[in-house]
Amino acid sequence: MPQHGFGVYLIEDPSEAEMVVNKALQVGYRSFDTAQFYNNEGLLGRILKESPVDRDDLFITTKITNEKQGYDLTLSSFEQSLQKLQLTQLDLLLVHWPSEKHFFETWRAFERLYEEKLVRAIGVCNYQIEHLQKLETRANVVPAVNQIECHPYLTQYPLKQYLKERHIAAEAWSPLGRGAVLNDPDLNEIAGRLRKSTAQVILRWHLQQDTIIIPKSSTPRRIAENADIYDFELSEDDMAAIDKLNIDHRTGPDPDEMYLKI
Ligand SMILES: NC(=O)C1=CN([C@@H]2O[C@H](COP(=O)(O)OP(=O)(O)OC[C@H]3O[C@@H](n4cnc5c(N)ncnc54)[C@H](OP(=O)(O)O)[C@@H]3O)[C@@H](O)[C@H]2O)C=CC1
Ligand SMILES: O=C(O)C(=O)[C@@H](O)[C@H](O)C(=O)CO
């Protein structure tokens, strides 16, 4: 799985999607993160199919939405996702949010899709340590990935340590905190000193801790900027200074509340 992919949440307008995805391909992105919930699997599938990039060079992730959890609905909605994405095999399928009610049945369907080689890898999103511990009690396949909210204001170090010990890859959603961290004075100081943008500094901070990133942007200049982060490194001091910014601030829903609600 590429460590640096592109997120397409909120990109639903066809002409915008065409511009954005083609720009992302042009600057080197090959990994795309969508979800049933984003209502753009069909759009993404068509644009990628029409692009000159070979299917084998792409890495496509989608997620089973909350309303489609459970054994049968996971299987049938996965089939629809595959059709919309115009694929015969998906690269990575994720459970979008943990659900107490559907917990093991959804994963049982995931394991079947994996055994049937309809997906190359299966994983979860927004699983806290307790959810992963619960999954371990009955799962035959360990999740390959846990996609979690992660940025300088929500560093998630205890959860990431747990993932590392179990060889589960940590993937950061909202790696830029949906813009919330971009005005941070400490980050701006580091960026100014290194003559990089604040977004580039944050993405670099993720990369240097082996976290997978999927920044989203609909702005061509920013799409290029977010891809251009391989000609500099953050020092240990700068990494440590960014680590200290954590305030456990979520921009999205609380997984523990979602677990009880879905
Ligand atoms: N599993 C899950 O539960 C979740 C998964 N995700 C995934 O993670 C992806 C990324 O997260 P997302 O919530 O989109 O948030 P991001 O942290 O990627 O931030 C996106 C926002 O930052 C702005 N932005 C992007 N690049 C720059 C830049 N260089 N300078 C200034 N502003 C910038 C964008 O503006 P603009 O577009 O106007 O340029 C947009 O408003 C999603 O697209 C989705 O694929 C997201 C949420 C939950
Ligand atoms: O984008 C996603 O994948 C999400 O799950 C989030 O957008 C989340 O549902 C949210 O923050 C809604 O406001």
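Just so you know, ligand 1 is whichever comes first in the structure, and atom 1 is the first atom listed for that ligand. Quick caveat: nothing in here was measured; it's all calculated off a predicted structure. Just so it is clear, the values below take in all heavy atoms, side chains as well, and ignore hydrogens, waters and symmetry mates.
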Can you name the atoms of ligand 2, numbered from 1 with element, that are less than 4.0 Å from a heavy atom of [X]?
| X | value |
| --- | --- |
| Trp97 | 5 (O) |
| Arg178 | 6 (C), 7 (O), 10 (C), 11 (O) |
| His96 | 2 (C), 3 (O), 4 (C), 5 (O) |

Pick one of side chain, backbone, both or neither for how [X] approaches ligand 1, counting any non-hydrogen atom pair under 4.0 Å.
| X | answer |
| --- | --- |
| Thr251 | neither |
| Ser174 | both |
| Glu225 | side chain |
| Asn226 | side chain |
| Lys63 | side chain |
| Leu10 | neither |
| Gln147 | side chain |
| Ala35 | neither |

| task | Mark yes or no for whether Ser99, through its side chain, and His102, through its backbone, hold a donor-acceptor pair below 3.5 Å. | result | yes

| task | Output yes when a side-chain donor or acceptor of Thr219 lies under 3.5 Å from a complementary backbone atom of Arg222, and no otherwise. | result | no

| message | Among Arg222, Lys216, His96, His151, which one puts a heavy atom closest to atom 18 (O) of ligand 1? | response | Lys216

| query | Do Thr251 and ligand 2 have an N or O pair less than 3.5 Å apart? | reply | no

| Is Tyr38 in polar range of ligand 2, meaning some N or O pair under 3.5 Å apart? | yes

| For ligand 1, which atoms, with element, lie under 4.0 Å from some heavy atom of Cys125? | 1 (N)

| task | Would you mind running through ligand 1 and noting each atom that sits below 4.0 Å from a heavy atom of Ser217? | result | 25 (C), 26 (N), 36 (P), 37 (O), 39 (O)

| query | Taking the six-membered ring of Phe6, is NZ or CZ of Lys216 closer than 6.0 Å to its centre and within 45° of its axis? | reply | no

| request: Carefully, step by step, assess Thr61 and Val145 under the rule side chain to side chain contact (heavy atoms under 4.5 Å, CB included). | output: CA-CA 11 Å; Thr61 301; Val145 173; over 6 Å; no

Looking at side-chain heavy atoms only, is the closest gap between [X] and [Y] below 4.5 Å?
| X | Y | answer |
| --- | --- | --- |
| Leu135 | Pro143 | yes |
| Glu105 | Asp72 | no |
| Thr251 | Trp173 | yes |
| Glu41 | Gln83 | no |

| query | Under 6.0 Å between ring centres, would you say that holds for His4 and Tyr29? | reply | yes

| message | Students should be able to answer this: which protein heavy-atom is nearest to atom 9 (O) of ligand 2, and at what distance? | response | Phe37 CE2, 3.9 Å

| query | In the protein, which heavy atom is nearest to atom 12 (C) of ligand 2, and how far is it? | reply | Tyr9 OH, 4.0 Å

| task | Just say parallel, tilted or perpendicular for the rings of Trp107 and Phe110, cut-offs at 30° and 60°. | result | parallel

| task | May I ask you to check whether Asn226 and Ser217 show a side-chain donor-acceptor distance below 3.5 Å? | result | no

| said: Check for me whether Ala35 has a heavy atom closer than 4.0 Å to any atom of ligand 2. | reply: no

| query | So among Tyr162, Tyr259, Phe103, Trp97, which one has a ring pair (Phe, Tyr, Trp, His ring centres under 6.0 Å) with Tyr127? | reply | Phe103

| Under 3.5 Å, N or O to N or O, is Leu176 touching ligand 1 that way? | yes

| Protein non-hydrogen atom found under 4.0 Å from atom 41 (O) of ligand 1 | no

